[in-house]
Asker: 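My questions will all concern the structure given below.
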Amino acid sequence: MVIPFLKPPAAVIVYLQAPRERVWGVVRHLDATGIVVQGLDLDSFDDWVRRVSQGGDGAQLSVVFFPLLRVEKVLVDAPRGDPHSLAGQFERRVGRPLLEFLEIEP
């Protein structure tokens with residue numbers, strides 16, 4: 001099961017339940033069992049981008065599997081008007097596209 005707009009490597013925000021979490025990142029794999037995201041807790045996004053833009057060590061994103069039973073919803077991180085997508089904010093602040101930074105082929 002591959003949903004066209006979630007086709008890897010789409011940038012997404014995953015809303016999880018039990019416990020409630022929000023994760024931002026890039027879809028690495030999606031099937032009937034769950035979703036694999038290379039990302040981080042959404043609340044850590046600004047700090048992470050700041051570390052990356054300053055050349056900080058340990059700035060890599062974790063690769064995590066979430067079973068579909070925990071997934072409440074998945075939003076595609078797409079630009080809408082003036083507020084840039086989070087991936088767009090990353091590119092503007094760091095000077096490199098997210099997929100290039102993560103060394104992911106589009």
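This chain uses plain numbering: 1 for the first residue, then up along the sequence.
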Asker: Between OG of S85 and CD of E91, what distance do you get to the nearest 0.5 Å?
Answerer: 8.5 Å
Asker: Could you tell me the separation between the CG atom of L61 and the CG atom of L98, rounded to the nearest 0.5 Å?
Answerer: 7.0 Å
Asker: Is the shortest heavy-atom distance from the side chain of R28 to the side chain of I104 under 4.5 Å?
Answerer: yes
Asker: Would you mind reporting whether R20 and E72 have side-chain heavy atoms less than 4.5 Å apart?
Answerer: yes
Asker: Looking only at atom types and distance, does a side-chain atom of R70 sit under 3.5 Å from a main-chain N or O of Q17, one as donor and one as acceptor?
Answerer: yes
Asker: When you compare the side chain of V64 with that of V23, does any pair of heavy atoms fall below 4.5 Å?
Answerer: no
Asker: With a 4.5 Å cut-off on side-chain heavy-atom distances among I, L, V, M, F, W and Y, is there a chain of contacts connecting V26 to F65?
Answerer: no
Asker: Side chains of D46 and R93: does their closest heavy-atom pair fall under 4.5 Å?
Answerer: yes
Asker: With a 4.5 Å heavy-atom cut-off, do V74 and V27 have their side chains touching?
Answerer: no
Asker: Tell me who clusters with L69, hydrophobic residues only, linked when side chains sit under 4.5 Å apart either directly or through other members.
Answerer: none
Asker: Can you measure from CZ (R22) to CG (D41) and round to the nearest 0.5 angstrom?
Answerer: 7.5 Å
Asker: Are V14 and V63 connected in a single hydrophobic cluster, I mean Ile/Leu/Val/Met/Phe/Trp/Tyr linked by side-chain heavy atoms less than 4.5 Å apart?
Answerer: no
Asker: Below 4.5 Å, heavy atoms only, C-beta onward: do L68 and V71 meet side chain to side chain?
Answerer: yes
Asker: Is L16 reachable from V36 through a run of hydrophobic residues whose side-chain heavy atoms are each under 4.5 Å from the next?
Answerer: no
Asker: Can you find a heavy atom in the side chain of L102 that is under 4.5 Å from one in the side chain of Q38?
Answerer: yes
Asker: Using the rule that two of Ile, Leu, Val, Met, Phe, Trp, Tyr join whenever any of their side-chain heavy atoms come within less than 4.5 Å, decide whether F101 and L42 are in one cluster.
Answerer: yes
Asker: Measure the shortest side-chain to side-chain distance between I13 and L86 over non-hydrogen atoms and say whether it is less than 4.5 angstrom.
Answerer: yes
Asker: Do the ring planes of W24 and F45 sit parallel (below 30°), tilted (30 to 60°) or perpendicular (above 60°)?
Answerer: perpendicular
